[in-house]
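One structure below.
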Amino acid sequence: MKTITEIFEIIAEGKPYTVKTTSFLNGMEKLRFRVSVNNSPVCIFGWDEDLDRFAILKDARDPDIQPAVEMIVARKLENLFAKKQAA
């Protein structure tokens with residue numbers, strides 16, 4: 001899988017955020033994303049079976065990312081991933 005970096009803007013709770021995300025496969029061939037919001041330290045998003053969506057992995061939680069921001073980023077990652085799969 002080719003590593004792809006996307007940069008996009010979101011608005012959560014009336015505030016703008018710049019999100020930088022880079023896709024990669026972990027050692028078990030599971031899709032993951034390195035995500036930085038407003039140049040924060042990188043956190044890792046992956047598919048969460050319990051939530052049935054992308055989410056910040058428990059062992060990689062960045063306390064600076066608000067839940068509303070996490071949800072919007074998760075939806076955006078799902079849309080990006082679906083577009084890549086269709087191509």
Side-chain angles (χ1 to χ4, degrees):
M1 176 184 167
K2 182 179 176 184
T3 299
I4 298 171
T5 298
E6 300 271 351
I7 298 173
F8 52 90
E9 305 257 334
I10 63 169
I11 295 179
E13 299 176 341
K15 296 179 185 175
Y17 295 89
T18 301
V19 180
K20 181 178 179 182
T21 179
T22 303
S23 62
F24 69 99
L25 293 176
N26 72 355
M28 297 177 287
E29 298 299 310
K30 291 189 178 184
L31 181 63
R32 299 285 188 250
F33 295 91
R34 291 179 187 93
V35 176
S36 175
V37 177
N38 289 346
N39 293 316
S40 70
V42 170
C43 63
I44 306 298
F45 274 69
W47 188 259
D48 185 309
E49 294 293 334
D50 294 332
L51 298 174
D52 196 34
R53 66 171 175 83
F54 286 106
I56 297 174
L57 300 178
K58 291 179 188 177
D59 60 343
R61 181 164 293 280
D62 181 342
D64 293 336
I65 295 181
Q66 302 298 319
V69 173
E70 179 183 2
M71 290 292 296
I72 294 169
V73 170
R75 282 194 297 262
K76 182 72 173 179
L77 291 175
E78 192 166 351
N79 289 336
L80 288 171
F81 180 63
K83 286 180 187 175
K84 303 271 188 282
Q85 292 289 13

Minimal non-hydrogen separation, [X] against [Y], with atom names:
X: Ala55; Y: Asp48; result: CB-CB, 4.1 Å
X: Ile11; Y: Pro16; result: CG1-CA, 4.2 Å
X: Leu31; Y: Ser23; result: CD1-CB, 4.1 Å
X: Gly46; Y: Arg32; result: CA-NH1, 3.8 Å
X: Ala12; Y: Val69; result: CB-CG2, 3.7 Å

For the hydrophobic clusters of this structure (ILVMFWY residues joined by side-chain heavy atoms under 4.5 Å, transitively), does one cluster hold both [X] and [Y]?
X: Leu57; Y: Phe24; result: yes
X: Phe8; Y: Ile72; result: yes
X: Met71; Y: Ile65; result: no

For this session: Decide yes or no on side-chain contact (heavy atoms from CB on, under 4.5 Å) for Ile44 and Arg34, but give the supporting numbers first.
Result: CA-CA 5 Å; Ile44 306 298; Arg34 291 179 187 93; 3.7 Å; yes

For this session: Begin from the C-alpha positions of Lys76 and Phe54 and carry the test side-chain contact (heavy atoms from CB on, under 4.5 Å) through to its verdict.
Result: CA-CA 9 Å; Lys76 182 72 173 179; Phe54 286 106; over 6 Å; no

Exercise. Leu80 and Phe33: side-chain contact (heavy atoms from CB on, under 4.5 Å), yes or no, with the steps?
Worked result: CA-CA 11 Å; Leu80 288 171; Phe33 295 91; 5.8 Å; no

For this session: Measure the spacing between CD of Glu70 and CG of Leu51 and express it to the nearest 0.5 Å.
Result: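 Taking CD in Glu70 and CG in Leu51, the distance rounds to 8.0 Å.
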
For this session: Give a yes or no answer on whether the side chain of Asn38 reaches the backbone of Ser40 with a donor-acceptor pair at less than 3.5 Å.
Result: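 It does not hold such a pair.
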
For this session: Please list, chain by chain and in numerical order, all residues satisfying side-chain hydrogen bond (donor to acceptor under 3.5 Å, both in side chains) with Glu29, sequence neighbours excluded.
Result: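 side-chain hydrogen bond (donor to acceptor under 3.5 Å, both in side chains) check on Glu29 returns nothing, list empty.
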
Exercise. side-chain contact (heavy atoms from CB on, under 4.5 Å) with Lys20: which residues, sequence neighbours excluded?
Worked result: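 Partners of Lys20 by the side-chain contact (heavy atoms from CB on, under 4.5 Å) criterion, ordered by chain and then number, come out as Thr5, Ile7.
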
For this session: Could you please spell out the steps behind the side-chain contact (heavy atoms from CB on, under 4.5 Å) verdict for Glu78 and Trp47?
Result: CA-CA 9 Å; Glu78 192 166 351; Trp47 188 259; 4.0 Å; yes

